[in-house]
Amino acid sequence: MSAVGGQQWRGRITRTEDNAPLLPWLRDCGSLTARLQSRGRFTVRLLRQRRCQPTADEALALGLPPAALAWVREVALSCDDRVVVFAHTVLPCQPRGPLTRWLARLGERSLGALLFAHVGFSRGPLKFQRLDQRHALFAPAVQALQFSGGAPSELWARRSQFGFGAQSVLVTEVFSPRLLQPAPDAAAPASDAGCSGAGERRGLVAARPAPLSINAERGSAMQIAVLGAGAWGTALAIAFADAHPVILWARDSDQVRRLQTERENSRYLPGHRFPPTLSTTADVAAATRNADLVLIAAPLAGLRTTLQHLRDCGSETPFLWVCKGLERGTGLLPHQVVQEVLGERLCGALTGPSFAEELARGLPTVVTIASTDADFALFCAGHLRRPRLRIYAGDDVIGAEVGGAVKNVLAIATGVCDGLGLGMNARAALLTRGLHEITRFGRALGGRPETFMGLSGMGDLILTCTGDLSRNRRVGLMLAAGKPLDQITEQLGQVAEGVPAAREVQRRAAALGVRMPITDWVCTLLDGSVSPIEGVAALMERDIVFEDA
């Protein structure tokens with residue numbers, strides 16, 4: 001048995017509606033710890049974590065053989081200086097499973113509360129019961145809850161079963177209704193999130209509680225591996241290296257030697273010195289061996305190869321990718337490439353309006369992390385945020401990826417518009433109708449409309465279509481000047497993702513029956529089949545339709 005004590009994690013609890021009946025409220029809410037009827041600050045303390053044989057009913061609930069071993073984690077949650085929840089978690093022993101490793105890592109970083117937020121887990125049946133002295137959890141629960149002065153029947157337990165891929169987790173939460181009442185002198189105001197944040201979300205069985213702010217007190221530093229030493233990978237490595245040890249991987253040994261000697265990326269991001277905590281390597285296995293998080297910063301064309309490197313070196317570390325677009329030849333979004341190569345993994349997309357040069361200079365930047373496991377997105381956002389880098393979290397991976405892919409195509413169109421001197425009216429029209437195309441295409445693929453009004457949609461579109469640092473906008477400017485595509489590509493010296501993405505978006509949109517007139521126009525320009533001014537005339541002369549069509 002191993003015991004861990006003294007580890008704490010702090011955050012904020014939202015408040016339930018006043019006078020809500022206890023048990024119906026518990027049945028309706030996705031998480032007890034995220035929606036306790038209380039106020040102010042709370043602390044989650046990891047009491048112990050051990051490998052042992054589950055009880056007979058726990059083994060039966062999880063479908064385990066009677067002699068199976070499982071990891072058991074017990075935590076206590078306190079609010080207003082009172083312990084109000086004792087949580088007992090049973091996780092089948094799968095030493096190489098991603099969930100097991102992730103929970104162990106969270107425990108080491110005092111983030112045991114995340115499991116009990118239940119965001120991103122599919123919920124199975126719930127079972128309510130009162131505890132008495134014969135129950136196996138009675139003694140540890142009473143001790144953890146510091147319960148006194150009441151009958152044992154005042155303790156209640158809620159058992160929840162959650163699915164995570166092929167694994168199943170059993171959580172028993174023990175609490176006292178008396179202790180759930182707010183402290184009379186609670187000074188902290190209730191969160192304005194309230195119960196209104198628990199709306200039903202696609203793909204979740206339970207209604208979602210208001211998100212927990214896991215970055216209230218950040219934990220210890222993480223070892224981060226950044227795979228890809230282009231401009232964006234280098235900028236991210238520099239930004240994170242002031243708080244975390246970072247290893248920057250490049251596949252070219254000669255480039256790595258230059259990075260080590262010059263202590264800056266003079267080819268892709270000149271003038272920005274590496275912090276002392278940033279090291280470089282050409283060995284992907286060495287870069288990821290001890291990493292807590294991997295950032296894949298290769299262009300989309302190199303994503304599949306980088307994922308294969310991770311698979312070949314046996315790395316199962318959670319990761320984020322930052323590339324945008326649709327894979328050439330397959331038309332797959334990045335998360336679909338990940339699924340093809342690695343299957344189900346703990347991962348997500350880091351995206352949003354961001355230029356590498358400005359991030360490296362320390363200018364304020366705001367991005368988002370999208371993952372089907374919203375707990376993981378919150379965890380990464382809380383640990384990766386910096387004073388000049390704010391990070392939001394979300395769970396609409398498809399919407400975030402579509403916004404990041406199609407905005408590059410529209411940036412080419414806007415560059416042509418500006419290069420031809422068509423004016424601000426034309427630019428505004430392109431941005432507005434372009435956002436309509438993104439939304440139409442994204443919804444057909446399964447994205448949510450509200451995502452396209454956020455950072456990864458409208459935010460990224462505005463930046464890429466109007467910013468002078470945009471490579472895709474520069475492609476459009478040079479097309480307007482009459483330069484052929486091969487000359488433009490050679491002159492850029494870096495990847496402009498909108499060029500391959502345009503044709504893939506066009507193909508997928510045609511297969512889905514989605515109209516994409518601006519994308520079609522960009523494809524004709526890239527093919528050289530019409531001149532820019534002829535393409536503009538064709539756009540303007542299209543049949544009149546309703547604006548929301």
Inter-residue atom distance [X].[atom1] - [Y].[atom2], 0.5 Å rounding:
| X | Y | atom1 | atom2 | value |
| --- | --- | --- | --- | --- |
| I247 | I224 | CD1 | CD1 | 10.5 Å |
| Q487 | L479 | CD | CG | 11.0 Å |
| I518 | L435 | CD1 | CG | 10.0 Å |
| L307 | I296 | CG | CD1 | 4.5 Å |
| L227 | L310 | CG | CG | 5.5 Å |
| C417 | L410 | SG | CG | 12.0 Å |

Less than 4.5 Å apart, side chain to side chain, heavy atoms only: is that true for [X] and [Y]?
| X | Y | answer |
| --- | --- | --- |
| L455 | D460 | no |
| L342 | E316 | no |
| V514 | M516 | yes |
| F319 | L295 | no |
| T288 | W249 | no |
| S315 | R289 | no |
| N265 | P270 | no |
| T351 | T368 | yes |

Under 3.5 Å: donor-acceptor pair, side chain of [X], backbone of [Y]:
| X | Y | answer |
| --- | --- | --- |
| T524 | W521 | yes |
| T234 | L269 | no |
| D396 | T451 | no |
| S279 | T277 | no |
| R390 | V366 | no |
| S470 | C465 | no |
| E358 | F355 | no |

Could you check whether atom [atom1] of [X] has more than 12 heavy atoms from other residues, nucleotides or ligands sitting under 6.0 Å from it?
| X | atom1 | value |
| --- | --- | --- |
| N290 | CG | no |
| N425 | CG | no |
| R251 | CZ | no |

With D468, which residues qualify under side-chain hydrogen bond (donor to acceptor under 3.5 Å, both in side chains), at least two apart?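 Result, side-chain hydrogen bond (donor to acceptor under 3.5 Å, both in side chains) vs D468: R473.
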
Write down the atom of [X], the atom of [Y], and the distance for their closest heavy-atom approach.
| X | Y | answer |
| --- | --- | --- |
| G271 | E264 | N-OE2, 3.1 Å |
| L477 | G419 | CD2-N, 3.6 Å |
| A381 | I369 | N-CD1, 3.9 Å |
| L300 | C323 | N-CB, 3.6 Å |
| G352 | K324 | O-NZ, 3.2 Å |
| M222 | L293 | CE-CD2, 4.1 Å |

R427 vs L422, test: side-chain contact (heavy atoms from CB on, under 4.5 Å). Steps then yes/no. CA-CA 8 Å; R427 179 197 281 185; L422 300 182; over 6 Å; no

With E327, which of R304, R503, R508 fulfils salt bridge (charged side-chain N to carboxylate O under 4.0 Å, His left out)?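 Result: among R304, R503, R508, R304 is the only option passing the salt bridge (charged side-chain N to carboxylate O under 4.0 Å, His left out) with E327.
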
Between R448 and D395, is a salt bridge (Lys or Arg N to Asp or Glu O under 4.0 Å) present by the stated rule, with each step listed? CA-CA 10 Å; R448 293 200 296 266; D395 63 355; 2.5 Å; yes

Side chain to side chain contact (heavy atoms under 4.5 Å, CB included) against E504, all qualifying residues, sequence neighbours excluded: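 Expected list: L326, R328, R507.
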
Test side-chain contact (heavy atoms from CB on, under 4.5 Å) on H436 and R440 and set out the steps. CA-CA 6 Å; H436 200 66; R440 202 161 49 215; 3.0 Å; yes

Side chains of [X] and [Y]: is there a donor and an acceptor less than 3.5 Å apart?
| X | Y | answer |
| --- | --- | --- |
| H244 | Q223 | no |
| W321 | E401 | yes |
| E497 | N472 | no |

If you apply the rule side-chain contact (heavy atoms from CB on, under 4.5 Å), what do you find for T414 with T466, and how did you get there? CA-CA 8 Å; T414 309; T466 62; 5.5 Å; no

Verify side-chain contact (heavy atoms from CB on, under 4.5 Å) between F441 and T519, making sure each step is shown before the conclusion. CA-CA 11 Å; F441 182 57; T519 300; over 6 Å; no

Salt bridge (Lys or Arg N to Asp or Glu O under 4.0 Å): which pairs involve residues 229-244, sequence neighbours left out?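 Non-adjacent pairs meeting salt bridge (Lys or Arg N to Asp or Glu O under 4.0 Å): D242-R386.
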
